[in-house]
Amino acid sequence: MKYLVGIDNGGTFSKAAIFDEDGKQISVASVPTVTLTPKSGYTERDMNELWEVNAQAVREAIQKSGIDPKNIAGVSFSGHGKGLYMVGYDGKPSYNGIISTDARAWEYVEKWAQDGTKEKVYEKTFQDILACQPVSILAWLKDNDPEVLKRTQYIFAVKDYIRFMLTGEAYAEYTDFSGANFVNLTTKAYDRELMELFGLGEVYDKLPPLKYSSDICGYVTKEAAEKTMLPEGIPVAAGMFDVNACGIASGLSDENEMCMIAGTWSINEFIRKTPVTNGTVALNSMFCIPGYFLVEESSPTSAGNMEWFIRNLMSYEKAEAKAAGGSVYEITNKWVEEIKPQDSDIIFLPFLNGSNEDALAKGTFVGLTAFHNKHHMLRAVYEGIVFSHYTHVRKLLKNRETPSSVRLSGGAANSDVWVQIFADVLQIPIDVIEDKELGAQGAAMAAGIAAGIYPDYPTAISRTVTITKTVQPRKEYAQIYQEKYQRYRAVIDGLASAWKYFKN
């Protein structure tokens with residue numbers, strides 16, 4: 001039996017997981033990363049520390065697994081999209097890594113929308129420009145810290161940097177860079193004119209060669225092997241944007257399926273042979289299966305909001321659950337289940353880390369009275385997160401038929417009551433994917449193709465993906481949730497003119 005390693009770097013944790021050839025998760029190790037916030041709206045990380053954390057996660061996963069490392073056949077990566085990771089001519093980071101929740105460049109997005117750049121870019125990339133995309137951050141650096149760009153040799157996504165540290169070879173990868181406004185989706189190549197539209201012509205030569213997700217991008221070096229316990233010389237596949245990894249690990253391989261990922265980000269996606277070019281969706285990019293495009297609606301408005309609620313408003317309950325050997329999530333699910341949807345009118349806007357409505361929108365509770373308590377507020381959090389997903393899904397469904405079911409993964413998929421809310425709001429059956437590290441598994445599938453274990457992604461899916469249950473929507477709640485969603489929309493519309501007063 002051969003084994004595959006998937007390394008997944010999100011916004012707050014670095015994870016490594018080991019899978020056998022049939023997708024069984026043998027072990028996983030998760031190590032937190034430190035987020036640096038030097039100013040409001042800035043989210044950064046020390047890239048040297050990030051490499052150390054990744055090496056630690058891989059070592060711990062191998063040690064936990066009990067397998068002989070010599071039986072590891074390949075390694076690959078999943079990572080958060082957007083953000084920016086740069087390496088200088090000395091092979092060292094030329095700036096801190098910038099995470100996908102960074103908002104410092106929001107004014108550039110507004111400027112490009114006003115001066116016509118947005119429309120010209122869309123003709124080439126078929127996607128909106130986001131403040132957290134590398135093009136926006138690079139434009140900000142050019143104006144505010146130009147020495148950084150001068151000393152930068154390579155521009156990477158997070159996974160590309162870790163791959164560089166494992167192999168010593170510099171490559172970019174299509175799923176990340178095509179979702180970052182770097183790639184002309186018609187030519188499937190870099191476009192110098194596109195970079196000039198952003199005022200970033202001098203950056204063009206800093207973009208590494210592009211590879212597909214399962215392409216071999218080098219081999220584990222002796223130095224990296226000593227640091228990680230990975231076998232020296234095994235193939236290292238390019239890897240992919242984490243929404244692709246979770247999609248492929250959910251079985252997303254044809255145009256009939258739709259996936260949602262409810263983690264820090266609200267990810268809602270399907271694939272098709274051509275991008276959507278009518279402007280009704282925000283993001284098109286190349287999918288990890290060559291020949292397909294990923295049609296995506298996403299925003300940092302999902303389960304990360306609940307983590308904030310627990311951290312700031314449930315410290316007592318969290319400690320109590322830990323002392324009793326239980327989980328705080330058992331408490332949160334119980335609280336929400338005890339309140340029927342029609343018995344609480346509180347609306348929560350899940351915009352603590354960003355918004356899919358307005359770049360300046362903030363997290364908000366509306367409708368609180370002296371009657372309400374934390375239980376009501378938590379139900380509003382669960383519902384508000386689902387409503388944000390639903391906003392994205394409505395846009396996607398303008399371009400395809402309603403699927404027979406939607407595959408859900410991420411933290412919310414571990415909560416029966418939350419999955420039921422998803423089903424009741426969407427009025428579509430929800431398939432729950434087997435609980436394992438899907439980002440890492442998607443990466444491991446790419447590693448398996450690179451290592452010759454699977455001939456292609458459909459084969460890898462047939463061997464490794466399991467649906468554990470399907471939750472049916474309850475028709476009796478359809479109207480109740482439609483009315484609540486309309487209140488959610490009304491709150492967003494009503495606050496539209498206020499956000500400009502809340503820039504910090």
Checklist entry - Do side-chain atoms of Gln133 reach the backbone of Gly179 as a donor and acceptor pair under 3.5 angstrom? => result yes
Checklist entry - Is a side-chain N or O of Lys484 found less than 3.5 angstrom from the main chain of Ser344, in a donor-acceptor match? => result yes
Checklist entry - Would you say Met240 and Tyr174 make side-chain contact, with heavy atoms under 4.5 Å? => result no
Item to check | Considering all heavy atoms, the nearest Leu200-Val135 contact | outcome: CD1-O, 3.5 Å
Checklist entry - Going through the distances and angles, do Glu357 and Arg489 end up as a salt bridge (charged side-chain N to carboxylate O under 4.0 Å, His left out)? => result CA-CA 10 Å; Glu357 302 292 343; Arg489 299 296 326 163; 2.7 Å; yes
Item to check | Counterpart residues, side-chain contact (heavy atoms from CB on, under 4.5 Å), relative to Ala321 (two or more places apart) | outcome: Ile331
Item to check | Side-chain donor-acceptor contact under 3.5 Å, Gln114 with Glu110 | outcome: no
Next on the checklist: Can you confirm whether or not the ring centre of Tyr161 sits under 6.0 Å from the ring centre of Trp51?
Outcome noted: no
Checklist entry - Do the side chain of Asp176 and the main chain of Ala157 share a donor and acceptor less than 3.5 angstrom apart? => result no
Checklist entry - Within the side chain of Thr33, is there an N or O that forms a donor-acceptor pair under 3.5 Å with the backbone of Thr12? => result yes
Checklist entry - Are there more than 12 heavy atoms of other residues, nucleotides or ligands under 6.0 Å from atom NZ of Lys318? => result no
Checklist entry - Is there a donor-acceptor pair closer than 3.5 Å between any side-chain N or O of Thr175 and the backbone N or O of Phe241? => result yes
Checklist outcome for this item: Checking Tyr382, Phe351, Tyr488, Phe422 against Phe387 for ring pair (Phe, Tyr, Trp, His ring centres under 6.0 Å), the one that qualifies is Tyr488
Checklist entry - Do Tyr485 and Thr391 have side-chain atoms, one donor and one acceptor, less than 3.5 Å apart? => result yes
Item to check | Sidechain N-carboxylate O distance under 4.0 Å for Arg192, Asp205 | outcome: yes
Item to check | Over 12 foreign heavy atoms within 6.0 Å of NZ, Lys118 | outcome: no
Next on the checklist: Which heavy atom of Ala170 sits nearest to which heavy atom of Phe156, and what is that distance?
Outcome noted: CB-CZ, 3.8 Å
Next on the checklist: Assess the residue pair Arg379 and Glu383 against the criterion (salt bridge (charged side-chain N to carboxylate O under 4.0 Å, His left out)); give the C-alpha distance rounded to whole Å, side-chain angles, the decisive distance to 0.1 Å, and a yes or no.
Outcome noted: CA-CA 6 Å; Arg379 171 166 266 282; Glu383 291 176 347; 2.6 Å; yes
Item to check | Identified side chain to side chain contact (heavy atoms under 4.5 Å, CB included) counterpart of Pro93 within the set Asn48, Asp46, Val87 | outcome: Asn48
Item to check | Heavy-atom side-chain proximity of Phe198 to Leu138 below 4.5 angstrom | outcome: no
Next on the checklist: As a quick check of understanding, evaluate salt bridge (charged side-chain N to carboxylate O under 4.0 Å, His left out) for Lys120 and Glu123, giving each step before the final call.
Outcome noted: CA-CA 5 Å; Lys120 294 175 182 177; Glu123 292 175 2; over 6 Å; no
Next on the checklist: Ile98 and side chain to side chain contact (heavy atoms under 4.5 Å, CB included): which single residue from Lys82, Arg104, Arg45 fits?
Outcome noted: Arg104
Checklist entry - Are Arg394 and Tyr390 in a cation-pi setup, meaning NZ or CZ lies under 6.0 angstrom from the ring centre and within 45 degrees of the ring axis? => result yes
Checklist entry - Is the number of heavy atoms from other residues, nucleotides or ligands under 6.0 Å of Lys374 NZ greater than 12? => result yes
Item to check | Whether Tyr85 and His80 hold their rings parallel, tilted or perpendicular, with breakpoints at 30° and 60° | outcome: tilted
Checklist entry - Between Asn333 and Ser415, do the side chains contain an N or O donor and an N or O acceptor separated by less than 3.5 Å? => result yes
Item to check | Charged N-O contact under 4.0 Å between Glu44 and Lys39 | outcome: no
Item to check | Pair Phe348 + Phe365: ring centers closer than 6.0 Å | outcome: yes
Checklist entry - How long is the span from the OH atom in Tyr108 to the CG atom in Asp143, to the nearest 0.5 Å? => result 3.5 Å
Next on the checklist: One pair to check against salt bridge (charged side-chain N to carboxylate O under 4.0 Å, His left out): Glu202 and Lys142. What are the steps and the verdict?
Outcome noted: CA-CA 10 Å; Glu202 66 270 39; Lys142 178 181 177 180; 3.5 Å; yes
Next on the checklist: Measuring only between side-chain heavy atoms, which start at C-beta, is Leu368 closer than 4.5 Å to Met377?
Outcome noted: yes
Item to check | Heavy-atom pair of closest approach, residues Asn9 and Leu50 | outcome: OD1-CD1, 3.5 Å
Which pairs would a plain distance check flag for residues 260-267, meaning a side-chain donor or acceptor within less than 3.5 Å of a matching protein atom at least two apart in sequence or in another chain?
from	atom 1	to	atom 2	distance (Å)
Ser266	OG	Asn268	ND2	3.0
Ser266	OG	His389	ND1	3.1
Ser266	OG	His389	NE2	3.4

